[in-house]
Amino acid sequence: MFAIYKKELRSFFITPIGYVYTGAFLGLAALICCYTTILSSSYDTTSYFTIMMFAMGILIPLLTMRLFAEEKKLRTEQLLLTAPVTITGMVMGKFLAALTVFGGSLLVSCINFIPIYTTAAAERGNQTYEFYHIGPVTGQLIGNLVGLLLIGAAFIALGTFISALTENQLAAAVITISVIALMLGLGLVNSLIDVYWIRAVLSWISIYSRFGNFQNGLFDFAAILYYASICFVFVFLTVRVYEKRRWN
Amino acid sequence: MIQIEHLVKNYGSNCAVDDISLSIGEGEIVGFLGPNGAGKSTTMNILTGYLSSTAGRVSVAGIDVLGDPLNAKKQIGYLPEQPPLYLDMTVDEYLSFNYELKGCKLPREAHIGEVCEVVRIGDVRKRVIKNLSKGYRQRVGIAGALIGSPKVIIFDEPTVGLDPKQIIEIRNLIRSLGKDHTVILSTHILQEVQAVCDRIIIINKGRIVADEKTENITRVIENNRRFNAKICGPQNQVLSTLKDMQGIVYAEALAEKDGDATTYMIESAPGVDIRKKLFFTLADRGWALIGLEALGLSLEDIFITVVNKSEEDDTPTRYTRRSKAKPRTALEAQVAEGLVAEADKKREENSALAPEDEE
């Protein structure tokens, strides 16, 4: 598994795709951060993270589209499947490699907060306020980052699964983007519906609604479990795709 | 080294491998021969754990492929029909990846260097695979299969698309690998198995139709029964004399002329040396035999007759290694039978087409 993880990680950066993804992610993150905070004279990062989540819907498929589709097209999957590695190990290696690249870019994008903190520090000057706070709330930032990481992991698992279904990278990317759009759209439609029970059901399955608690800086175990189980389900399904092909 | 027992593989209702049993010993070089879609690749894919079997048991070096796939896979190096190369990697990176993937315990640098030496790719180790020629790519694929020094090496059509010089090199390489490894080679090129393998297994429609040592097959080939004879004399009479001769099962006048001599294609009955008798018979009639040329029975002929034979029979006779008493003569008989049947058919066609020749 570790060999596949290493190989995937390296192949992100010997092909242009890794650079395209990181460049787009960091550029977009900086731009959105700039517009939602500094240019709107606000320390509130909620809208930054919300928009980033939607941007991930387009960026993450770039990472996952080639994971299996390319192997299938070049017939290199035969090497992996006849090597002494379990199918679960192979899928996990690829999943974790994509997650590492995503997590890394998310971590690097945290430099966007430096100007916000310095601005806040300048505004506070030497004074200390007892009843209100100037600057971003660090707990909220961390909650948002953890939430984004979890949602990213869920998207990556989904993209991995879709990539295993096709040998066309473009098809894999387009289908993944559509499915993610549907999942996120559910959360938006939710707010337009008046019927209580439909809203309850929709918010229960919606990826977006679980993000709310993280945005408020709450560490929501139910949500963590929710995202982890999405990852598990799609990784499991990917393994089944390969098992099934063997047994057919 | 390899044990296959009653292996069956169905794709839906389509039966790709139908009850194959065989055993391959250590250090053997075995050729799987068969037309496209015969079940060669499927058998190999099951052996390597890429596919599962519908029924039957496969074990490699005593390890059950289904029961303990990880350890079984460690015993096997596999080069699929299309070498599984990551085109963006350099040769070194690719071999290192193979090394890690297989969890190899041998000293890394030395082992990879050694493998590169064996397949002679030492001079391209720093190059990206994408930029290599087909012959080099094939060798990199073989090198990948050799990493970890597996006991069994499986090649699926390793020489497809190579130029003649490369083909000879790859064949020599495979032969040399046979010294330390058990090698299975699948191909539909008959000369290849003849040149490389100790043992030939012919598969058709998912069944083993022949399983022979190469030397036995070679003996069948060398047992000539077809000749081209140049005879001076009136064509019709010569032909009817030939056809009436004892020991000749088939004779035909060819369009080829050499002065006043006509060339005839003659086929003798199995096990009969017709040459002396032919000479004296012709001499008695005053016709000169000015040339007699043996037409080798090619491996193609054997292959086609064996395969045709198995398709005609509802329940084909299978000759596995275990029935030790029969194989050699059985194959010979089978081939002979097929050839006689073929000759009969030809003769019928001939007489139907040109009845006046008979008189």
Side-chain angles (χ1 to χ4, degrees), chain A residues 1-21 62-63 65-94 96-97 101 163-164 167 169 239-248, chain B residues 9-12 14 16 41-42 44-54 60 63 65-66 68-90 93-94 96-104 128-130 140-141 144-145 147-148 150 152 154 156:
Chain A
M1 179 184 117
F2 190 65
I4 293 178
Y5 171 78
K6 244 173 81 182
K7 177 226 130 205
E8 282 304 323
L9 213 53
R10 191 167 50 190
S11 80
F12 274 124
F13 292 100
I14 52 177
T15 55
I17 196 76
Y19 298 101
V20 169
Y21 162 80
L62 285 182
L63 281 182
M65 65 182 187
R66 45 170 290 289
L67 283 181
F68 286 103
E70 198 184 26
E71 301 259 9
K72 210 181 300 177
K73 197 163 188 182
L74 296 175
R75 301 271 198 96
T76 43
E77 60 173 8
Q78 227 163 348
L79 175 70
L80 304 182
L81 292 171
T82 57
V85 180
T86 58
I87 296 178
T88 315
M90 174 181 88
V91 175
M92 282 309 287
K94 282 169 177 283
L96 290 178
V101 175
S163 180
E167 57 181 63
Q169 293 189 34
V239 173
R240 296 312 303 169
V241 167
Y242 275 87
E243 284 284 352
K244 181 171 177 291
R245 198 161 330 133
R246 265 189 76 206
W247 287 96
N248 252 357
Chain B
K9 175 72 183 176
N10 294 328
Y11 290 113
N14 186 0
S41 291
T42 306
M44 294 187 153
N45 281 332
I46 293 171
L47 215 66
T48 54
Y50 181 60
L51 290 175
S52 67
S53 53
T54 308
V60 178
I63 304 167
V65 171
L66 267 187
D68 187 2
L70 293 193
N71 277 324
K73 284 174 181 176
K74 275 188 188 164
Q75 314 296 326
I76 300 176
Y78 179 40
L79 177 70
E81 197 174 339
Q82 197 182 339
L85 302 172
Y86 292 100
L87 301 180
D88 291 321
M89 289 186 181
T90 65
E93 282 170 349
Y94 178 72
S96 291
F97 171 60
N98 265 279
Y99 179 93
E100 287 168 16
L101 191 66
K102 292 181 179 177
C104 187
V128 178
I129 296 175
K130 193 160 46 181
V140 174
I147 292 279
V152 178
I154 300 179
D156 197 351

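Convention: sequence-line order gives letters A, B, ...; per-chain numbering from 1. Just so it is clear, the values below take in all heavy atoms, side chains as well, and ignore hydrogens, waters and symmetry mates.
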Kindly compute the distance separating [atom1] ([X]) from [atom2] ([Y]), expressed to the nearest 0.5 Å.
| X | Y | atom1 | atom2 | result |
| --- | --- | --- | --- | --- |
| B:Leu87 | A:Ile14 | CG | CD1 | 10.5 Å |
| A:Leu79 | B:Tyr50 | CG | OH | 11.0 Å |
| B:Asp88 | A:Glu70 | CG | CD | 7.0 Å |
| B:Lys102 | A:Thr82 | NZ | OG1 | 7.5 Å |
| A:Gln78 | B:Leu51 | CD | CG | 8.5 Å |

Can you name the closest pair of heavy atoms from [X] and [Y] and give their distance?
| X | Y | answer |
| --- | --- | --- |
| B:Tyr86 | A:Glu71 | OH-OE1, 2.7 Å |
| A:Lys7 | B:Met89 | CG-CE, 3.3 Å |
| B:Leu101 | A:Ala3 | N-CB, 3.6 Å |

inquiry  = B:Thr42: which residues meet the side-chain hydrogen bond (donor to acceptor under 3.5 Å, both in side chains) condition with it, sequence neighbours left out?
reply    =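 B:Thr42 satisfies side-chain hydrogen bond (donor to acceptor under 3.5 Å, both in side chains) with no other residue.
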Under a 4.5 Å heavy-atom cut-off, does chain A meet the side chain of [X], its backbone, both or neither?
| X | answer |
| --- | --- |
| B:Ile46 | neither |
| B:Glu81 | neither |
| B:Leu66 | side chain |
| B:Asn98 | side chain |

Sorted by number, residues from residues 84-93 of chain A in contact with chain B (heavy atoms, under 4.5 Å) =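 So far as heavy atoms go, A:Pro84, A:Val85, A:Thr86 are the residues that approach chain B to under 4.5 Å.
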query = Can you tell me if CZ on A:Phe13 sees more than 12 non-hydrogen neighbours from other groups inside 6.0 Å?
reply =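 More than 12 within 6.0 Å, yes.
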ask   = Counting heavy atoms not belonging to A:Arg245, are there more than 12 under 6.0 Å from its CZ?
value =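 More than 12 within 6.0 Å, yes.
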ask   = When you measure from the side chain of A:Lys6 to the backbone N and O of B:Phe97, does any donor-acceptor pair fall under 3.5 Å?
value =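 No, the answer is negative, given that no donor and acceptor are paired below the 3.5 Å cut-off.
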Chain A contacts, top residue of B:Ser53, B:Gly141, B:Pro84 (heavy-atom pairs, under 4.5 Å) =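 Highest number of heavy-atom pairs under 4.5 Å: B:Pro84.
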Region of A:Thr15 in contact with chain B, defined by heavy-atom distances below 4.5 Å =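 Just its side chain gets close to chain B.
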query = Given that the side chain runs from C-beta out, which part of A:Arg10 has a heavy atom under 4.5 Å from chain B: side chain, backbone, both or neither?
reply =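 When you check distances to chain B, only side chain atoms of A:Arg10 fall under 4.5 Å.
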